[in-house]
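First up is the structure itself, then whatever we jot down about it.
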Amino acid sequence: MTQNNFLTKALNDTVMTRRSFLKWSAAIGGTAALAGGVDYGLKAIEGAAAAGEEQTLTVGCYHNCGGRCILATKVKDGTLLRIVPDPTPVEEETPESPRAIPCLRGRAQIRRVYAPDRLKYPLKRVGKRGEGKFERISWEEALDTIASEMKRIKDTYGNEAFYFNYAWGVTWNGPDGSSIIQRMLSMFGGYVGYYGTYSEAAYGVAMPYITGGYVGNSADDIVNSKLVLLLGDNSLVTRAGGDNGGYWYMKAAEQGTKFIVVDPIMTETVAATQAEWIPINPGTDVALIAAMAYVMVKENLYDKEFMATHTAGFDENTLPEGAPRNSSYMAYIMGKGYDKVEKTPEWAAVITGIPAERIANLAREIASIKPCAIIQCWGPQRRAYGEQFVRAVPILAAMTGNFGIPGGNTGQLPGGGYCPMGGIPVPPNPVQVSIPCFMWPDFVTRGTDMTVEKDYIRGASTGWSATAGDTTTAQENKNLRLKSNMKFMWNHGGNCIINQHADVNYTRKVLEDDSKLEMIVTVEVGMTPSTMYSDIILPGTTGFEVDNIITGEGHGIKGNHAWAMYNHKVIEPMFEAKDDVWIAEQLADRLGFGEDFRDGHLTRDDWMKDMVAGAQSSLPDFPSLEEFKEKGIYKTKGGKPFVGFEAFRADPVANPLGTATGKIEIYSPVLANLKNEEIPPIPTYIPEWEGVSDPLREKYPLMMMTTHWVARSHSTFENVDILREAHPQCIWINTLDAEARGVKNGDMVKVYNDRGVVHIPAYVTNRIRPGTTNIPQGAHYTPNADGVDTRGCGNTLTNYRPTPMAKGFTAHTNLVQVEKL
Amino acid sequence: MAKQLAFYVDINKCSGCKACQIACKDRSNLPVGVRWRKVFQYEGGEWVDQNGQMIPSSVYTYSVSSACMHCKKPICMDVCPTSAISKRNDGIVLINADMCIGCRYCSWACPYGAPQFNEELNVMTKCDMCQDLVDKGERPACVESCPYRAMDFGPLDEIREKYGTFADPAPLPDPAITEPAVVYKPNKITKSSRSGDGRLMNLEEL
Ligand code: SF4
Ligand code: SF4
Ligand code: SF4
């Protein structure tokens, strides 16, 4: 196998011939004006490895999946041949430290590198924004233009007009990635940062208000559980490969742990763990939890002592000082709370669609089988009132006595070990304002009107920070304001400008007026709907074209062990692609602070040496950069599984939680102070807008979710042909709903609401609740001449209406109608 | 004669992710439309009204990863008019591209749909059990790729000794037709090809 057929084929392709690109151009009405040669792949043949010699080198699977598996790559004559799994010998695999066998996405990475839509050269927009007309320019011109625009915008509007957009296409690697660009922007005088994420905004912001932090048992602890209750967790898809959550769930299932999954969809996780499926109406988990708590109280099945000593506000006796009478969770569930409604299983059955008897039995099961891991994932919090779900689940973990014990969990996602590496130092951001990442269109349209009280803008942030989710501090600084609307956006390997943000048709309108947001710079490897809306596009490198250092994510999804990987440059950068360090340096030079920016780092290796030194400071056996490069992988020794809040359980006085009361704060005095009905002090079932009981269902009867899809990591891999083939984009619809509409499996349907229209094949299945549909997120928005999305981008239909507290994306709360086409 | 080689798939451990299919395509540079390894999604059950509430009744799903079974009675070989299909000593069934005239008889005859026509090359192609890797003592790409270790590979008699003889999870056909060199481990809901009451779900197979 000396010749890669796919590459040969790619040699004949140009960006101009990419089908979806042409469709897009036709839709907007312009002629594609992308300049491009026909030398696709020539660079690759020059080669990094010696001619004729086949090498196997490690490359990290980095993008925003969380998994970051180890890809070993066969390369010869500078051409990628194929991917093979983690080269750790099978004999060295231990139960604590399994080989990280990548999932299908990792296996398809070569086609991402050699994709026909790879960006070859810097491009500048020549038509209207979003029209799709671009012209090839030189790097010189691209960098000069960006630098002069940056200076102009700074002079005119100040640094508060600059925004670094939420983007994770290049994640958890260094020295490339967000930090190097943020370093440059900080030194330039700063930029408005963001806080929170599109993934787990409500989780990150609300969890501190019940458990004080983000701590679950590590994923490998699940083999110690007798029973596992998953709420909206499909780890077999989200972290499908490697030694991540999916692997550990399967391990537990194999050895006989029973799984029960509450999810509107019979997911891959339900099927493969041979779980019992409890199909629930979307957005009603908090009602289910309240009813289960009710049963446990009525039948005296809960850990009274633990609740008395470790929690605040569970009942009237533990209410924090100053809380009104009958404001405890107990009062709420027993019918003495604000609504005077008993949260009986019968009450919950109507809301959740789960028979009352099943609810009662589920409560009895989780209360009696020990240890039981009660785990929440992030899907149910990407909903209208996501914060309520986040804060409700730990109550079950506490009541059932599983909080802080091996085989139990804290009602959170698995958490635990990771491999600490040094990073690129980002100087403190001189701009002292940040916004919730999801709210960036408001920063464009009415930034100077955004307030602390209404929009939850906050102090400085340099990026993702879960516990920065502090609504109280923000409240103290009430006068914080932005001095400018957004005028400049840096979009670093991200697709949240159009595709991954809510309500595509609204976002388009915001962006098409380029007198508002004046300049969008995007660094990308391939064409996406977001690059289409950019003004300058810089072609970036994939992981195969640069040396980098990759670490696993710090959520312990790999169990209580971790690794770091040397990401080898296995081929030369394709065409004119450049790495992030070079891009940032070049701009720093043009902006007049190149020397400070480099700070003695003259090569990539110099930055990587710092990262290694960072690791060595806490891991004495971490090798030198040279040795690390040679070995490829460093694995920490798999220790005992990590148990979240074990010390707190043992002694809550000596080891308090980070909440106001130091206890599991079921009643939060801080939230009570907000006096916001949508952010109550106890986790409360709030019927959703566009939810199961919204009268709008008369017009749009079907609820629609936009879950993760196994063939993509968000929208990354969307351009990989064989992944599209393996898992065709479709809308999941229940057999009964399909029959009522004359729709058969595979039929094309029209999905619509007031926000947009999507044409997409129907997947007619019994694996989803009647009344519920699902369009897997991440497909690239591809409008036809009528503005109908023809590929199936769920965000054509989603709502730009954030969660109350975190201002997070409510991606799964939508109502639609479906018709046969 | 070398021992007949065979695949094994544990349906209990298969999530239907298709990493095996993608690894196969990566190894053999297969274009879209040519799937040497397929993963069938099978589903059954229904939703019923119980006192005004809709509940699932025996709703189930499972996945069946399947490629060429390198059968003991390869019907593909029998029907090929140019004798382009042969069986190695170790049972691997191969198509000789130089002799293939693209008549597609084998793909019509094979009950597993294993032979896949490559429009670009204008020849029939199919799983060659990664013979180059196997000859080097390695395991096939698909077997190596499964994140959940659902697959195994080896001489058929050893595979049978380890895992039993079940070879016909629905929607696969009756093994009597070609005597496939394969073993599946059923999960508690797997139906056999003779009692399957569900349906094949894959959009790409419709
Ligand atoms: S890789 Fe494994 S789990 Fe995935 S479809 Fe293939 S056999 Fe099933
Ligand atoms: S599975 Fe089909 S193609 Fe393969 S050997 Fe059997 S009959 Fe021939
Ligand atoms: S043995 Fe090789 S050729 Fe056959 S399905 Fe597996 S990977 Fe593909």
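Owing to the predicted nature of the structure, the values given are computational and were not obtained by experimental measurement. Order of the sequence lines sets the chain letters (A, B, ...), proteins ahead of strands, with each chain counted from 1.
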Main-chain N/O of B/M201 paired with A/N745 side-chain donor or acceptor, under 3.5 Å: yes
Against chain B, work out which of A/M250, A/R769, A/Q274 has the most heavy-atom pairs shorter than 4.5 Å and name it. A/Q274
Among A/A272, A/C103, A/G106, which residue forms the greatest number of heavy-atom pairs with chain B at distances under 4.5 Å? A/A272
Can a donor-acceptor pair be found between the side chains of B/E43 and A/T765 at a distance below 3.5 Å? yes
After noting the C-alpha distance and the side-chain angles of A/E725 and B/R35, does the key distance pass the side-chain contact (heavy atoms from CB on, under 4.5 Å) rule? CA-CA 10 Å; A/E725 174 194 34; B/R35 297 189 298 277; 3.2 Å; yes
Counting only heavy atoms closer than 4.5 Å, note whether A/I768 contacts chain B via side chain, backbone, both or neither. backbone
Only pairs of heavy atoms separated by less than 4.5 Å count here; which of A/L736, A/V720, A/V84, A/I83 has the most with chain B? A/I83
State whether A/E93 and B/R149 are salt-bridged, where the test is any N-O pair (Lys NZ or Arg NE/NH1/NH2 against Asp/Glu carboxylate O) under 4.0 Å. yes
Counting heavy-atom pairs under 4.5 Å with chain B, which one of A/I101, A/L104, A/N766 comes out on top? A/N766
Which answer fits B/E138, side chain, backbone, both or neither, if we ask what part of it has an atom under 4.5 Å from a heavy atom of chain A? side chain
Verdict with reasoning, B/Q41 to A/Y763, per side-chain contact (heavy atoms from CB on, under 4.5 Å): CA-CA 12 Å; B/Q41 197 67 43; A/Y763 189 70; 3.9 Å; yes
The test is side-chain contact (heavy atoms from CB on, under 4.5 Å); show your working for B/Y148 and A/E254 and say whether it passes. CA-CA 10 Å; B/Y148 309 117; A/E254 194 187 328; over 6 Å; no
With chain A as the partner, which of B/S145, B/A150, B/C146 has the greatest number of non-hydrogen pairs under 4.5 Å? B/S145
Where along residues 263-271 of chain A does a heavy atom come under 4.5 Å of chain B, listed by residue number? A/M266, A/E268, A/A271
